[in-house]
Engineer: 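Quick one: structure below, then a few questions.
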Amino acid sequence: MFHMGWFLTTGFGVYGWNGQWSGNVRSDVAQPELYIGMAQALEHAGFDYLMFEDSSVLPDIYQGTFESSVKAGVVIRHDPLPLLPILARETRHIGLIGTVATTFYPPFLAARLFTTLDHLTGGRIGVNLVTASPHAAAQNYGHDQHFEHDLRYEMADEWVRAVEALWETWEEGALQLDEQSGVFADHTRIHRADFEGRFYRTRGPLNTVPGPQRRPVLCQAGGSPAGREFGAAHADTIIAQVYGVEAMKEYRDDISARLRAKGRKPSDVKVLFLVDPVMADTDAEAHDKRDRIRAAHEQNLEGTLAAMSYFTSMDFSKFDLDGPMPDLSGNNGHVSTMQSLAQGGRTLREIASNHRFGSVDLIGTPDSVAVQMAEVMDHVGGDGFLIASAPTRKNIAEVADGLAPALRRRRLMRSGYSHDRFRDNLLEF
Ligand SMILES: Cc1cc2nc3c(=O)[nH]c(=O)nc-3n(C[C@H](O)[C@H](O)[C@H](O)COP(=O)(O)O)c2cc1C
């Protein structure tokens with residue numbers, strides 16, 4: 001069996017504006033209904049979690065303007081965290097992960113916020129820890145420019161330790177709720193954190209009752225050596241984007257080795273790989289559909305070039321499309337993602353034309369795709385997939401009502417949930 005998640009690539013954003021199957025974006029924008037329907041459908045399908053990406057930047061690197069960001073409505077995002085308790089009210093089991101930039105959130109604010117969200121979701125909250133990449137993000141939070149890539153991970157490591165120290169300020173049993181004695185909480189079991197680090201200081205204790213999970217599920221996505229080290233130290237689930245089955249296997253094996261070196265078990269962390277399946281009623285139709293998607297993409301490289309500009313803070317409109325990939329040594333952003341794109345000596349046009357979300361191509365009927373997924377997981381050795389398709393109602397139905405039953409028939413996916421809390425379900429197998 002493997003685990004399934006859905007990655008919302010622009011968080012609580014706008015998907016498919018003016019697209020063929022995008023439904024009613026005009027009325028859906030900034031409203032919870034689409035996501036409520038999605039969470040219910042995927043819970044019915046047996047998904048482990050929904051993961052909401054986030055960033056606080058409206059990019060203006062590409063061509064030096066906001067045009068590519070707003071005209072096609074592709075990178076507008078609302079804060080996903082207030083959405084999560086709304087989704088929790090309408091579901092019972094599925095895990096709900098929101099993203100936080102460790103670089104900008106003070107540890108105390110984050111520890112208190114996620115404890116509160118853990119209560120409001122009945123122990124189903126998770127937090128995706130990112131360090132954020134563009135300088136504009138840092139400037140939005142009052143810094144002159146962003147911190148250097150590996151330093152960000154050093155800061156993130158200390159940040160997690162500060163947040164964890166705060167989550168531990170209430171011992172087990174501190175909450176008494178004893179109506180006989182009249183004691184709500186036992187003050188002798190509540191302590192200050194007095195965390196003093198190189199980057200962060202916090203006093204504590206938290207003034208919140210510990211959440212049902214105490215420590216929300218921690219999710220992590222960095223693929224560089226520093227990112228993987230950080231994930232192996234703290235994560236319960238890692239979401240990965242690499243290209244090809246061998247790279248997936250290398251990633252899983254590398255994380256397992258790093259976990260062992262830290263005294264953790266490989267089974268403590270579930271690594272889910274990004275995929276964007278193309279499904280239709282027949283295999284031939286699915287291949288046609290894939291060809292049409294690819295042709296449309298080649299006609300419109302702007303979106304990909306704008307995304308690369310956002311990832312690197314380098315304006316990709318300035319480079320020759322038929323020249324080599326530009327020197328990325330100054331890239332302070334998504335380092336590992338851009339390095340893997342740059343491999344193989346291809347031209348920028350070839351790289352942008354072939355840009356895709358998936359770690360492997362999955363094309364065919366739901367049954368064929370289920371078989372392909374099983375073969376990939378057999379080779380990689382764990383732990384599952386993260387669907388990164390746009391959350392249109394059509395795509396959601398294809399996955400929830402087509403792919404998930406095909407996986408379940410092969411006993412590759414859970415058919416229900418054994419536990420109430422997110423981490424317990426995630427670590428069940
Ligand atoms: C599946 C996935 C989800 C990600 N989600 C976010 C996100 O929500 N916000 C963000 O700023 N970065 C996000 N990233 C970027 C990573 O945090 C990281 O910067 C990137 O994968 C490159 O890794 P590296 O910085 O370790 O080289 C995501 C990456 C992946 C692969």
Side-chain angles (χ1 to χ4, degrees), residues 3-13 49-59 75 77-81 83-84 96-105 126-138 140-141 146-157 159-160 218-235 237-243 247-248 251 254-255 258 270-276 307-308 310-313 328-329 331-343 355-359 383-389:
H3 297 269
M4 294 289 292
W6 194 304
F7 172 49
L8 289 116
T9 53
T10 0
F12 181 11
Y49 58 78
L50 284 186
M51 186 295 211
F52 286 82
E53 176 273 4
D54 196 31
S55 150
S56 359
V57 173
L58 196 64
V75 290
R77 302 161 165 95
H78 304 91
D79 191 321
L81 299 183
L83 176 64
L84 302 181
L96 301 162
I97 303 182
T99 295
V100 154
T102 55
T103 325
F104 309 130
Y105 276 54
V127 51
N128 174 40
L129 301 173
V130 300
T131 63
S133 40
H135 288 306
N140 282 342
Y141 290 95
H146 207 1
F147 301 91
E148 185 274 323
H149 179 272
D150 284 12
L151 176 64
R152 298 204 295 266
Y153 279 114
E154 269 179 61
M155 294 169 73
D157 181 71
W159 186 96
V160 177
L218 299 189
C219 170
Q220 192 275 341
S224 60
R228 292 184 188 197
E229 198 57 17
F230 174 64
H234 303 291
T237 182
I238 291 179
I239 50 180
Q241 177 171 26
V242 285
Y243 298 102
M248 292 166 77
Y251 203 117
D254 180 60
I255 296 294
R258 288 177 195 271
K270 306 303 171 196
V271 182
L272 269 56
F273 293 93
L274 235 65
V275 286
D276 183 10
M308 288 177 166
Y310 166 68
F311 287 156
T312 57
S313 296
L328 292 172
S329 49
N331 166 25
N332 189 37
H334 296 203
V335 170
S336 62
T337 312
M338 293 309 294
Q339 276 168 350
S340 60
L341 285 178
Q343 276 165 7
H355 181 70
R356 58 185 161 90
F357 262 126
S359 292
D383 296 293
F385 295 96
L386 192 65
I387 306 280
S389 313

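Atoms within each ligand, like the ligands themselves, are counted from 1 in listed order. We use all heavy atoms of the structure for the numbers below, so side chains are in, but hydrogens, waters and symmetry mates are not.
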Engineer: S224 side chain to G227 main-chain N or O, any donor-acceptor pair under 3.5 Å?
Structural biologist: yes
Engineer: Roughly how far, to the nearest 0.5 Å, is CG of D254 from CZ of R228?
Structural biologist: 4.5 Å
Engineer: Polar contacts were defined as any N/O atom of the residue lying under 3.5 Å from an N/O atom of the ligand; does this apply to R152 and ligand 1?
Structural biologist: no
Engineer: Is there a side-chain hydrogen bond (donor to acceptor under 3.5 Å, both in side chains) between Y141 and T103? Walk through the geometry before answering.
Structural biologist: CA-CA 9 Å; Y141 290 95; T103 325; over 6 Å; no
Engineer: Mind checking whether F52 has a heavy atom under 4.0 Å from ligand 1?
Structural biologist: no
Engineer: What I want to know is whether S55 and ligand 1 share at least one N or O pair that is separated by under 3.5 angstrom.
Structural biologist: no
Engineer: Checking Y105 against W159 for the side chain to side chain contact (heavy atoms under 4.5 Å, CB included) test, could you report, in this order, the C-alpha distance in whole Å, the side-chain angles of both residues, the deciding distance, and whether it holds?
Structural biologist: CA-CA 9 Å; Y105 276 54; W159 186 96; 4.2 Å; yes
Engineer: May I ask you to check whether S389 and D276 show a side-chain donor-acceptor distance below 3.5 Å?
Structural biologist: yes
Engineer: Where do H146 and F104 land on the ring pair (Phe, Tyr, Trp, His ring centres under 6.0 Å) test, with the steps shown first?
Structural biologist: CA-CA 10 Å; H146 207 1; F104 309 130; 5.6 Å; yes
Engineer: Which bit of T131 is near ligand 1, meaning a heavy atom under 4.0 Å away: side chain, backbone, both or neither?
Structural biologist: neither
Engineer: Could you state the interatomic distance from OG1 (T237) to CG (N128), rounded to the nearest 0.5 Å?
Structural biologist: 9.5 Å
Engineer: Against heavy atoms of H149, which atoms of ligand 1 measure under 4.0 Å?
Structural biologist: 24 (P), 25 (O), 26 (O), 27 (O)
Engineer: From the options T99, V130, V242, select the one whose nearest heavy atom is closest to atom 10 (C) of ligand 1.
Structural biologist: V130
Engineer: For S224, is at least one N or O under 3.5 Å away from an N or O on ligand 1?
Structural biologist: yes
Engineer: Can you list the atoms of ligand 1 that are under 4.0 Å from a heavy atom of G223?
Structural biologist: 23 (O), 24 (P), 26 (O)
Engineer: Number the atoms of ligand 1 from 1 as they appear, then name those within less than 4.0 Å of a heavy atom of L274, with their elements.
Structural biologist: 1 (C)
Engineer: Measure the distances from the heavy atoms of R228 to every atom of ligand 1 and state whether one is below 4.0 angstrom.
Structural biologist: no
Engineer: State whether the shortest distance between N or O atoms of S133 and N or O atoms of ligand 1 falls below 3.5 angstrom.
Structural biologist: no
Engineer: Enter the distance from M155:CE to D157:CG here, rounded to the nearest 0.5 Å.
Structural biologist: 12.0 Å
Engineer: Evaluate A221 for polar contact with ligand 1, using N/O atom pairs at a separation under 3.5 Å.
Structural biologist: yes
